[in-house]
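Worksheet for the structure shown next.
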Amino acid sequence: GYNRTQVADMIANLGADAKAAVPALKQMAKDGPAEARVAAARLVLRVSPGDVADVVPGLADSLGDAQARALVLQFLSELTPEAGRPVLPA
């Protein structure tokens, strides 16, 4: 079978049709390994930027792991401050 990151890569290759996968990508960004969460969040940003704020809170669970934190923070650096605000501590 395929892992979540491979599935995200395949969805990215769908081009305009990838928009239909946004609900599944949002779910992927909420659970699973940090690499897969960030891959899903990146795809949401790419194919449906208006939905990216929905995936940001799901990335918060990955911040406890040092390696995952680097991936999540790299992704957040690509966003507007408004989209990243729910993850960052007050």
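In this text, all values refer to a predicted model and were calculated from it rather than measured experimentally. One-based numbering along the sequence shown. The basis for the numbers below is simple: all heavy atoms, side chains too, and nothing from hydrogens, waters or symmetry mates.
In the hydrophobic cluster analysis, where Ile, Leu, Val, Met, Phe, Trp and Tyr join through side-chain heavy atoms closer than 4.5 angstrom, Val55 is grouped apart from Val47.
Crowding of Arg46 atom CZ: a count of heavy atoms from other residues, nucleotides or ligands under 6.0 Å not exceeding 12.
Within the 3.5 Å criterion, the main-chain N or O of Leu59 finds no donor-acceptor partner in the side chain of Arg37.
In this structure, the side chains of Met28 and Leu25 come closer than 4.5 Å at one or more pairs of heavy atoms.
Ser48 pairs by the side chain to side chain contact (heavy atoms under 4.5 Å, CB included) definition with Lys19, Val22, Asp51, not counting sequence neighbours. The side chain to side chain contact (heavy atoms under 4.5 Å, CB included) check on Pro23 picks up nothing, with sequence neighbours excluded.
Heavy-atom minimum distance, Val52 versus Ala41: CG2-O, 4.3 Å. Nearest heavy-atom pair, Ala29 versus Ala40, reported as atom, atom and distance to 0.1 Å: N-CB, 3.9 Å.
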Please determine whether side chain to side chain contact (heavy atoms under 4.5 Å, CB included) holds for the pair Asp54 and Val44, giving the CA-CA distance in whole Å, both sets of side-chain angles, and the decisive distance to 0.1 Å. CA-CA 9 Å; Asp54 295 339; Val44 171; over 6 Å; no
